[in-house]
**Q** 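Take a look at the following structure, please.
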Amino acid sequence: MTQPLILAIESSCDETAAAVVRGGTDVLSNVVSSQIESHKRFGGVVPEVASRHHVERITYVIDDALTEAGVTIDEIDAIAVTEGPGLVGALLVGVSAAKALAFAHSKPLIGVHHIAGHIYANRLVQELQFPLVCLIASGGHTELIYMPEDGVYEVIGETRDDAAGEAYDKVARTLKLPYPGGPRIDQLAQTGQDTFHFPRIWLEKESYDFSFSGLKSSVINAVHNAEQRGEVIIPEDLAASFQASVVEVLVTKAIRAVKEKGGTQLLVAGGVAANQGLRKGLTEACQREGIELVIPPMHLCGDNAAMIGAAAIHPYRAGRQSTLAMNAEPGLDLK
């Protein structure tokens, strides 16, 4: 059976991306145009700047993806695009481009949830075995999702305040580290020691939810108190102490969710999945508990379009299409 070719587009935040994916698993191209240099001087993503860059880059990125894959738009079977969540202006650029292509070339249009994309990035590495649990950790999301079967999502835990990646960035700013701060905290933590012993926020005994706001405040207070006393803080130790708290909570709750929900795999997804401390902690815990761990390679942890193409294959085969009335949905729920 011929496997369908899907042209996927992702523009939810500050990466303009397009990819061609065959059958939901075979990546023929995956082009990403990053905006990090443009946002670095602001210390974070500026939505209007991001939207303008998407407008400038979207057609070039799509052309590059088709060229790299060695296919024409006529050979594409469907157009997939991130529908939400994300920055509304950024999403609109990708959605508009996808709708235009679908209309002009009479192709099916498939709207994809951004988090579903991160989950299905794992399918580009290894076939998924249901039921499973997925830990989402990124700048905007920290969630535990139970999937009893393909395309079915049950959010069993989520952050009540700061997402893990958001806390990383705020701590990095406190240490006056350049944007993006998360990877730099991770880098410092590799040579530091957990000397601060920051709190682990567990919430209610049975809860799978997360909270990192209190931890972030503890770190900021430690820095400010040291400055007032004229003490020198070792950045590596502060980073290692902060990361130890985050990793312990994420790993413990993820492992408990797999054991209690009866999952066969633990998937990890989102930008924080690239964090070396988290990868090490999960690997060691899963080996102890006999749980199969699936983590995408580094280049598939951040926002990219290949993951959108992977997530689109299930609705495509099920005959679920979006209409040209589809709009950007910045607060789209995962269903």
**Q** Among residues at least two apart in sequence or on other chains, which ones pass side chain to side chain donor-acceptor pair (under 3.5 Å) with Asp209?
**A**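 Once residues adjacent in sequence are excluded, the partners of Asp209 under the side chain to side chain donor-acceptor pair (under 3.5 Å) criterion are Arg160.
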**Q** Mark yes when over 12 heavy atoms from residues, nucleotides or ligands other than Tyr60 sit less than 6.0 Å from its OH; otherwise mark no.
**A** no
**Q** Specify whether His141 and His114 have parallel, tilted or perpendicular ring planes, treating 30° as the upper limit for parallel and 60° as the lower limit for perpendicular.
**A**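 Judged by the thresholds at 30° and 60°, the geometry between His141 and His114 is tilted.
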**Q** Looking only at side-chain N and O atoms, does Tyr153 offer a donor or acceptor that is under 3.5 Å from a partner on Asp333?
**A** no
**Q** Answer whether the closest heavy-atom distance between the side chains of Arg184 and Pro178 falls below 4.5 Å.
**A**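 SC-SC contact between Arg184 and Pro178 confirmed.
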**Q** Going by atom types alone, do Glu15 and Asn304 pair a side-chain donor with an acceptor below 3.5 Å?
**A** no
**Q** What heavy-atom pair brings Ile9 and Ile308 nearest, and what distance separates the two atoms?
**A**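 For Ile9 versus Ile308, the nearest heavy atoms are O-CG2, 4.1 Å.
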**Q** Atom CD1 in Ile201, atom OG in Ser211: separation rounded to 0.5 Å?
**A** 6.0 Å
**Q** For residues 80-105, which side-chain N or O atoms pair as donor and acceptor with protein atoms under 3.5 Å away, sequence neighbours left out?
**A**
residue	atom	partner	partner atom	Å
Thr82	OG1	Glu10	OE1	2.4
Ser96	OG	Leu92	O	2.7
Lys99	NZ	Leu324	O	2.9
Lys99	NZ	Met326	O	2.8

**Q** Count the heavy atoms belonging to other residues, nucleotides or ligands that lie under 6.0 Å from CD1 of Ile234, then report whether that count exceeds 12.
**A** no
**Q** Looking at Asp169 and Gly182, would you say the former's side chain and the latter's main chain have a donor-acceptor pair under 3.5 Å?
**A**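 Looks like yes, one N/O pair under 3.5 Å.
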**Q** Do Tyr208 and Glu260 have side-chain atoms, one donor and one acceptor, less than 3.5 Å apart?
**A** yes
**Q** Does any donor atom in the side chain of Thr16 or His54 lie under 3.5 Å from an acceptor atom in the other side chain?
**A**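 Side-chain D/A pair, Thr16 to His54: present.
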**Q** Taking Arg123 first and then Asp150, would you say they form a salt bridge - that is, a charged N and a carboxylate O separated by under 4.0 Å?
**A** yes
**Q** Has Lys261 got its NZ or CZ under 6.0 Å from the middle of the six-membered ring of Tyr146, at an angle within 45 degrees of the ring axis?
**A**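 Yes, Lys261 sits over the ring of Tyr146.
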**Q** Taking all atoms of both residues into account, what is the closest heavy-atom pair of Val258 and Gln265, and its distance?
**A**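 Heavy atoms only, the tightest pair is CG2-O, 4.3 Å.
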**Q** Give me the atom names and distance for the closest heavy-atom approach of Asn30 to Ala305.
**A** OD1-N, 3.5 Å
**Q** Check whether any side-chain heavy atom of Ser245 sits under 4.5 Å from a side-chain heavy atom of Pro199, and report yes or no.
**A** no
**Q** Kindly work out whether a path of hydrophobic side-chain contacts (I/L/V/M/F/W/Y, heavy atoms less than 4.5 Å apart) joins Ile76 to Val31.
**A**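 Not linked; separate clusters.
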**Q** Is there a donor-acceptor contact under 3.5 Å from the side chain of Thr142 to the main chain of Ala164?
**A**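 Answer holds: yes.
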**Q** For the CD1 atom of Ile6 and the CG atom of Leu28, what is their distance to the nearest 0.5 Å?
**A**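 These two atoms lie 11.0 Å from each other.
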**Q** Look only at the side chain of Tyr120 and the backbone of Gly151, and say whether a donor-acceptor pair between them is shorter than 3.5 Å.
**A** yes
**Q** Measure the CG-CG distance between Leu266 and Leu293 for me, rounded to the nearest 0.5 Å.
**A** 5.5 Å
**Q** Nearest 0.5 Å please: distance from the CD1 atom of Ile185 over to the CZ atom of Arg173.
**A**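 CZ of Arg173 is found 11.0 Å from CD1 of Ile185.
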**Q** Taking the inter-plane angle between the rings of Phe212 and Phe210 on a 0 to 90° scale, is it parallel (under 30°), tilted (30 to 60°) or perpendicular (over 60°)?
**A** parallel
**Q** Using the rule given for side chain to side chain contact (heavy atoms under 4.5 Å, CB included), can you reason through Leu238 versus Phe196, listing the C-alpha separation, both sets of side-chain angles and the distance that settles it, and then say yes or no?
**A** CA-CA 7 Å; Leu238 187 84; Phe196 287 85; 3.9 Å; yes
**Q** Between Val21 and Ile313, does the side chain to side chain contact (heavy atoms under 4.5 Å, CB included) criterion hold? Intermediate values first, please.
**A** CA-CA 9 Å; Val21 181; Ile313 194 65; over 6 Å; no
**Q** Just checking Glu75: does its CD atom have more than 12 heavy atoms from other residues, nucleotides or ligands closer to it than 6.0 angstrom?
**A** yes
**Q** If I take atom NE2 from residue His113 and atom CG from residue Leu334, how far apart are they, to the nearest 0.5 angstrom?
**A**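 One finds 4.5 Å between NE2 of His113 and CG of Leu334.
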**Q** I would like to know whether Lys259 and Glu289 meet side chain to side chain contact (heavy atoms under 4.5 Å, CB included); could you show each step before the answer?
**A** CA-CA 9 Å; Lys259 294 170 70 174; Glu289 300 293 338; 3.2 Å; yes
**Q** Is Asp26 reaching over with its side chain to a backbone N or O of Arg22, donor-acceptor style, under 3.5 angstrom?
**A** no
**Q** Nearest heavy-atom pair of Ser138 and Ala163: which atoms, and what distance?
**A** O-CB, 3.7 Å
**Q** So Arg200 and Trp202, do their side chains get closer than 4.5 Å, heavy atoms only?
**A**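 Trp202 reaches Arg200 side chain to side chain.
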**Q** For Gln190, does the CD atom sit with more than 12 other heavy atoms under 6.0 Å from it, leaving out its own atoms?
**A** yes
**Q** Would a single hydrophobic cluster contain both Leu7 and Val71, if residues Ile, Leu, Val, Met, Phe, Trp and Tyr are joined by side-chain heavy-atom contacts under 4.5 Å?
**A** yes
**Q** The test is side chain to side chain contact (heavy atoms under 4.5 Å, CB included); show your working for Arg279 and Cys301 and say whether it passes.
**A** CA-CA 12 Å; Arg279 293 169 87 96; Cys301 289; 3.7 Å; yes
**Q** Are Val249 and Val171 linked, directly or through intermediate hydrophobic residues, by side-chain heavy-atom contacts shorter than 4.5 Å (ILVMFWY only)?
**A**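 Linked within one cluster.
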**Q** Side-chain heavy atoms under 4.5 angstrom apart, residues restricted to Ile, Leu, Val, Met, Phe, Trp, Tyr: same cluster for Val133 and Met147?
**A**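 The answer is no; the residues belong to distinct hydrophobic clusters.
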**Q** Is it the case that over 12 heavy atoms from other parts of the model lie below 6.0 angstrom from the CZ atom of Arg52?
**A**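 Counting other residues, nucleotides and ligands, CZ of Arg52 stays at 12 neighbours or fewer.
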**Q** Any side-chain heavy atom of Thr72 sitting closer than 4.5 Å to one from Leu66?
**A**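 They are not in side-chain contact.
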**Q** Linking I/L/V/M/F/W/Y whenever their side-chain heavy atoms sit closer than 4.5 Å, directly or via other members, would Val268 and Val246 fall into one cluster?
**A** yes
**Q** With a 4.5 Å limit on heavy-atom distance, are the side chains of Leu5 and Val20 in contact?
**A** yes
**Q** Does any N or O in the side chain of Asn122 come within less than 3.5 Å of the main-chain N or O of Ile119, such that one atom is a donor and the other an acceptor?
**A** yes
**Q** Does any part of the side chain of Ile110, heavy atoms only, come nearer than 4.5 Å to the side chain of Arg320, both counted from C-beta?
**A**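 Arg320 vs Ile110: side chains apart.
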**Q** Which one of Ile136, Leu128, Ile145, Val125 satisfies the side chain to side chain contact (heavy atoms under 4.5 Å, CB included) criterion with Leu267?
**A** Leu128
**Q** I want to check something: taking the side chain as every heavy atom from C-beta on, are Glu158 and Leu144 in contact at a cut-off of under 4.5 Å?
**A**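 The answer is no; the side chains never approach within 4.5 Å.
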**Q** Do you know the tightest heavy-atom contact between Cys13 and Ala50?
**A** O-CB, 3.6 Å
**Q** Report the C-alpha separation of Tyr168 and Phe242 in whole Å, then their side-chain angles, then the decisive distance to 0.1 Å, and conclude whether the ring pair (Phe, Tyr, Trp, His ring centres under 6.0 Å) test is met.
**A** CA-CA 9 Å; Tyr168 266 88; Phe242 166 72; 4.8 Å; yes
**Q** Looking at OG1 of Thr252 and CZ of Arg256, how far apart are the two atoms once the value is rounded to the nearest 0.5 Å?
**A**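 The CZ atom of Arg256 is 9.0 Å from OG1 of Thr252, to the nearest 0.5 Å.
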**Q** Using side-chain heavy atoms (C-beta onward) and a distance below 4.5 Å, is Glu143 in contact with Leu135?
**A**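 A side-chain contact is absent here, since even the closest heavy-atom pair is not under 4.5 Å.
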**Q** So, for Asp162 and Ser213, which heavy atoms are closest and what is the spacing to 0.1 Å?
**A** OD2-CA, 3.9 Å
